[in-house]
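These values consider heavy atoms only, across backbone and side chains, with no hydrogens, waters or symmetry-generated copies. Starting from 1, each residue takes its place in the sequence as its number.
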Amino acid sequence: MSAPPTLPKFRQRLILAVLMVCSLLIWLDNTVLSTALETLADPVRGLGADPGQLQWATGAYTLVFATLMFTAGALGDRFGHRTVFSGGLVVFAASSLWAAYAGDAGQLIAARAVMGVGSALITPAMMAILMWTFTGPARAAAIGVFSTSAGVGMAAGPVLAGFLLDHFWWGSVFLVNVPVAASALVGLAVLVPNFRSPTRRPLDPAGMLLSISGLVALAYGLIRAGQVAAWSRTDVWAPIVVGLVLLAVFVCVELRVKVPGFDPRLFRRRAFAGGNAALGLLLFGVAAITFYSAFYLQGALGYSPMEAGLANLPTAFGALAGAPLATRLVRRLSLRVVTVPALAVAALTMGGYGFLGLQTPLVWIEALLLVQGLSVGMVIGPVTAALIGSLPLEQAGSGSAVTNTVRQTGSVIGIAVGGTIMSIMYRRAIEPSLGAVPGPVREQARVSAEQARHVAAALHRPALAQAADDAFIRAMHAGAGWIAVIALLGAAVLLATLPPAGKPKNHPLPEPDHEEARSTA
């Protein structure tokens, strides 16, 4: 395996800046959509999307993102990471434009899925370029700096989305991606060599088809359960079973392939497997609780998009502070001692949503979000750095895709399960208040609290709006409990799989052989 000659330090810094802009683009997209969910659910200001459609608008992006990343990693090693990266930016910008002008929820879901294709092409290439550009101690430092883009995106996204939604139409939150992607394309063309692996790897179409089919079927069954408020129906349990079977077949096929796109053999290393599983469970919780938070702040509490964006700032500031704090603590203590308690605290903050209500003071909500962001940042940063740092350089594209696929899969399932629990519990809680409500209105109020508030305002029924708020709060409390339990399981996995303090297991990366450099400027 080889790497190109070391680039000048100034150029390295500029490349890192370009990569951070691209990472910021993806994080901005995730956070602005969360802020826009309440608006998209509104029949007047948005698309009148029901909870299932909103789950798909969020999940379609993440699902495609998760299942195409390992193929994108192989494409980068084969054709050059800059080439694939540039193609991903073009796809992302074009689909963002489509999403901005979508005429209904179906078009938005389709556009979001194509945006997932763009992100899948971008993400493995980002990490591969980072690892090819930096070597030795500089690589660890660059990964640490690069990880701060997540916190910046978390901080800027909700505020930017709030500003846009308060002053423009909902599509503006997607349109903002276009100029950012264009500037990143210029930076790539000017600064980044077209790093590639000298080893050609197959593209693994069978694995891609099985993984996409399995996750689509699983997500469909989970979301369908929320739409029909029942788990016993054939159109609920059958897709779930089919999805699980297809994913099991996917793993078996990948184990039999000599050079798989998604390599399950990497999970034979206990710490790598445990770290990925814990991150997947954590991202499950983060995705689900973020879905709840959007409707809680804007729907139940009545905040404007801008106010909700500002209210979410403590989460971002906590994440920004958590990553570097954890990095310093890990040097003095150990990864296990720092991240296990942090993940446990993150899980407890998710359970803390079970104590929030319609009259909860804002200061308590802000304190909860600050601790949540801090603890999540203390886990994701150091664990991700440890996992990526243990990867062989020749697997830079596909190996980082494995880690990102697990994380994004956790997010997909978190949105599906969290949203489904909320839908089922909301319908059960609102039902006793619908006895005297006319039939068509009753059906609309059952869909979601947003729809119930809309018809309550139109028919001048304040009691129905109050009942919808109360039902939503009860649903959020029930969901928060389950989310906390699942996230706590991630802390248990870390505790069981990471090496104890005082017994670090280092996996140093081999230094590159400059004689076999393969790159084109």
Short question: side chain of [X], backbone of [Y] - any donor-acceptor pair under 3.5 Å?
X    : Y    : value
S293 : I289 : no
Q298 : T35  : yes
Y61  : I109 : no
D42  : E38  : no

Per-pair distances, 0.1 Å, donor-acceptor, side chain in residues 272-282, under 3.5 Å, sequence neighbours excluded:
from	atom 1	to	atom 2	distance (Å)
N276	OD1	T403	OG1	3.4
N276	ND2	F272	O	2.9

Taking the side chain as every heavy atom from C-beta outward, state whether [X] and [Y] have any atom pair closer than 4.5 Å.
X    : Y    : answer
L121 : F85  : no
S86  : L185 : yes
T39  : P305 : yes
L175 : Y101 : yes
I380 : V286 : no

>> Going by the rule side-chain contact (heavy atoms from CB on, under 4.5 Å), which residues pair with S375 if we only count those two or more places apart in sequence or in a different chain?
In response: V345, A346
> Got a sec, which residues hit side-chain contact (heavy atoms from CB on, under 4.5 Å) with L209, two or more places apart in sequence or on another chain?
Replying inline: S213
Check [X] against [Y] and note the closest heavy-atom contact, atom names and distance.
X    : Y    : value
A342 : M378 : CB-CB, 3.9 Å
L297 : A311 : CD1-CB, 4.3 Å
I421 : G479 : CG2-CA, 3.7 Å
M350 : A487 : SD-CB, 3.9 Å
I26  : S119 : CG1-OG, 4.1 Å
L247 : S211 : CD2-O, 4.0 Å

Scan the side chains in residues 162-171 for donor-acceptor partners under 3.5 Å anywhere in the protein, sequence neighbours excluded, and list what turns up.
from	atom 1	to	atom 2	distance (Å)
D166	OD2	M306	N	3.4
H167	ND1	F163	O	2.9
W169	NE1	A100	O	3.3

>> As a quick check of understanding, evaluate side-chain contact (heavy atoms from CB on, under 4.5 Å) for Y353 and I483, giving each step before the final call.
In response: CA-CA 10 Å; Y353 279 69; I483 293 166; over 6 Å; no
Gap between atom [atom2] of [Y] and atom [atom1] of [X] - 0.5 Å precision:
X    : Y    : atom1 : atom2 : answer
M20  : L25  : CE    : CG    : 13.5 Å
N312 : T290 : CG    : OG1   : 8.0 Å
L188 : C22  : CG    : SG    : 5.5 Å
S411 : R407 : OG    : CZ    : 8.0 Å
I122 : L19  : CD1   : CG    : 11.0 Å
L215 : T409 : CG    : OG1   : 5.0 Å

> Given R112 and L33, is the side-chain contact (heavy atoms from CB on, under 4.5 Å) satisfied, shown in steps?
Replying inline: CA-CA 10 Å; R112 290 285 296 166; L33 180 63; 3.2 Å; yes
Hey, can you pull the donor-acceptor pairs under 3.5 Å for the side chains in residues 88-98, sequence neighbours left out?
from	atom 1	to	atom 2	distance (Å)
S95	OG	V91	O	2.8
S95	OG	F92	O	3.1
S95	OG	M115	N	3.4
S96	OG	F92	O	2.7
S96	OG	N177	ND2	3.1

>> List the residues meeting salt bridge (Lys or Arg N to Asp or Glu O under 4.0 Å) with R13, not counting sequence neighbours, and say none if there are none.
In response: none
>> Between W56 and Y220, does the side-chain contact (heavy atoms from CB on, under 4.5 Å) criterion hold? Intermediate values first, please.
In response: CA-CA 9 Å; W56 277 116; Y220 174 83; 3.9 Å; yes
>> Does F295 form a side-chain contact (heavy atoms from CB on, under 4.5 Å) with L37? I'd like the steps, not just the answer.
In response: CA-CA 7 Å; F295 295 105; L37 288 174; 3.9 Å; yes
